[in-house]
There are 2 protein chains.
Amino acid sequence: MRIPIQINENSAEPLYHQIETQLRSLIISGQIEEGTLLPSIREFAGGLNCSVITVRRVYQDLENEGLLRTRQGTGTFVAGVGEQARAQFKHDAVFKALEAAVDTAQSVHCSEEELRSMFFKIVEKKYGGKGGEIGGESSD
Amino acid sequence: MRIPIQINENSAEPLYHQIETQLRSLIISGQIEEGTLLPSIREFAGGLNCSVITVRRVYQDLENEGLLRTRQGTGTFVAGVGEQARAQFKHDAVFKALEAAVDTAQSVHCSEEELRSMFFKIVEKKYGGKGGEIGGESSD
DNA sequence: TATAGTGTGTATAAAGATATATACACTAAG
DNA sequence: CTTAGTGTATATATCTTTATACACACTATA
């Protein structure tokens with residue numbers, strides 16, 4: 001099984017964190033099926049051009065999260081992801097992305113009104129502009 | 001002088017790196033004028049809710065880049081930014097952004113042809129699709 | 001059954017990067 | 001000189017990453 005992980009050498013984000021984030025996403029999104037045998041830590045490390053220990057840490061962290069199941073001498077497998085965990089993951093991913101966007105807006109002194117306007121415009125464009133305009137007070 | 005730095009607590013990007021990147025941008029873009037006295041490391045650290053040493057490192061790094069001028073017992077000032085440095089900064093910023101975009105393309109197995117096609121389309125859209133195509137007198 | 005071989009994950013030690021607290025040194029002003 | 005403001009140096013803890021050696025599990029084969 002080839003695992004498509006993309007490492008950005010220039011990023012200040014720690015290596016293990018880049019791998020962990022992407023692998024977690026692949027598992028929870030279902031792109032890697034439950035029960036799949038992941039590459040050995042040596043093979044994975046070779047492909048990513050990093051140390052065996054770094055991959056080991058990723059596997060261990062994700063096992064602690066319940067996403068992986070590891071057996072010494074045998075290998076590391078993808079565990080089942082409950083619907084609750086999947087929902088939690090989606091929520092967190094969206095929440096963090098929005099949070100970052102709002103931070104950026106504030107850093108350039110964008111007003112709340114401007115921000116809301118931009119957001120509605122983007123949502124309307126990306127989602128087709130029909131659905132959930134709940135409480136639609138902003139018709140601008 | 002208030003320095004608008006936005007810290008993302010959740011980011012895996014090191015604290016000093018977040019501060020450094022944003023302050024560098026403020027200086028080179030000219031949003032902070034040459035000769036400006038920056039906050040003392042204690043005042044700055046207090047505002048950012050971090051250690052004095054972290055701010056000290058940022059000031060030192062930027063001084064090594066020639067962007068700041070520091071005098072013990074007095075304070076830290078913004079140095080002049082030459083046109084060359086400004087150009088270099090712009091170049092690096094664009095280069096890194098493009099690099100990241102290409103990395104992303106590769107991570108989703110986008111072919112070079114597709115990538116080039118998308119790029120040309122975007123450039124045409126963003127720049128109006130008229131002017132300098134392959135002129136060659138670019139800086140570099 | 002026994003055992004050697006090759007594959008797996010695991011433990012230990014060490015180096016470098018990041019962040020902090022605390023004490024020290026310099027400068028300007030009273 | 002004293003004082004209150006600057007930046008600076010030292011020691012320390014934690015995080016990130018690595019190299020190396022060790023322990024466990026399957027399998028071929030005698």
Side-chain angles (χ1 to χ4, degrees), chain A residues 1-3 5-24 27 32 35-79, chain B residues 1-3 5-24 27 32 35-79:
Chain A
M1 176 97 193
R2 291 246 181 323
I3 309 296
I5 300 286
Q6 194 64 31
I7 298 302
N8 182 354
E9 305 271 1
N10 302 318
S11 172
E13 183 184 359
L15 186 52
Y16 86 93
H17 197 272
Q18 294 187 40
I19 303 170
E20 214 172 279
T21 300
Q22 294 180 48
L23 184 53
R24 183 187 296 111
I27 294 171
I32 306 179
T36 301
L37 172 62
L38 292 180
S40 76
I41 56 176
R42 286 171 183 81
E43 183 185 347
F44 212 163
L48 294 172
N49 202 25
C50 75
S51 148
V52 165
I53 313 297
T54 300
V55 175
R56 157 76 175 135
R57 171 172 181 175
V58 171
Y59 279 5
Q60 192 164 261
D61 286 351
L62 294 183
E63 182 172 20
N64 289 339
E65 294 179 19
L67 295 177
L68 295 181
R69 188 78 174 180
T70 223
R71 279 186 304 182
Q72 183 172 179
T74 305
T76 300
F77 301 82
V78 175
Chain B
M1 174 96 193
R2 262 283 175 282
I3 309 294
I5 300 286
Q6 194 66 30
I7 297 302
N8 182 354
E9 306 271 2
N10 301 319
S11 172
E13 183 183 0
L15 189 52
Y16 86 94
H17 197 271
Q18 294 187 40
I19 303 169
E20 212 173 279
T21 300
Q22 294 180 49
L23 184 54
R24 183 186 297 113
I27 294 170
I32 306 179
T36 301
L37 172 61
L38 291 180
S40 77
I41 56 176
R42 286 173 184 77
E43 184 185 347
F44 212 162
L48 294 173
N49 202 24
C50 73
S51 150
V52 166
I53 313 297
T54 300
V55 175
R56 157 76 176 136
R57 169 169 183 176
V58 171
Y59 279 3
Q60 192 163 262
D61 286 351
L62 295 183
E63 183 173 19
N64 288 339
E65 294 179 20
L67 295 177
L68 296 180
R69 189 77 176 180
T70 223
R71 278 185 305 182
Q72 183 171 181
T74 305
T76 300
F77 301 84
V78 175

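Worth saying up front: this structure is predicted, and the values here are computed from it rather than measured. Convention: sequence-line order gives letters A, B, ...; per-chain numbering from 1.
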> Over how many whole Å does the gap from A:Asp61 atom CG to D:dT17 atom P extend?
Replying inline: 11 Å
> Expressed in angstrom and rounded to an integer, what is the separation of A:Phe77 atom CZ from D:dA25 atom P?
Replying inline: 13 Å
> Should we count CG of B:Asn49 as having more than 12 external heavy atoms under 6.0 Å?
Replying inline: no
>> Quick check for you: among C:dT20, D:dT17, D:dT18, whose closest atom lies nearest to any side-chain atom of B:Cys50?
In response: C:dT20
> Does B:Arg69 CZ have over 12 foreign heavy atoms under 6.0 Å away?
Replying inline: no
>> For nucleotides 6-12 of chain D, give me one character per nucleotide, 5' to 3': B if any protein heavy atom sits under 4.0 Å from the base, S if the only such contacts are to the sugar-phosphate, - if neither.
In response: BBBB---
> What are the two closest non-hydrogen atoms of A:Tyr59 and A:Leu38, and how far apart are they?
Replying inline: OH-CB, 3.4 Å
> What's the CD1-P distance between A:Ile19 and D:dT16, to the nearest Å?
Replying inline: 13 Å
>> Check whether A:Glu20 reaches the backbone of A:Asp61 with its side chain - one donor and one acceptor, N or O, closer than 3.5 Å.
In response: no
> Between A:Leu15 (CG) and C:dT18 (P), how many Å, whole number?
Replying inline: 14 Å
>> Quick check: closest heavy atoms across A:Leu67 and A:Arg24, and the distance to 0.1 Å?
In response: CD1-CG, 3.5 Å
>> Whole angstroms only, please: what is the CD-P distance between A:Gln18 and D:dT16?
In response: 13 Å
> Whole-Å distance between D:dC15 C1' and B:Tyr16 OH?
Replying inline: 13 Å
> How long is the line joining CD1 of A:Ile7 and C1' of D:dT17, in whole Å?
Replying inline: 13 Å
> Taking all non-hydrogen atoms of both residues, which atom of B:Ile19 and which atom of B:Ile5 are closest, and how far apart?
Replying inline: O-CD1, 4.1 Å
> B:Arg57 CZ to C:dG16 C1': how many Å, rounded?
Replying inline: 11 Å
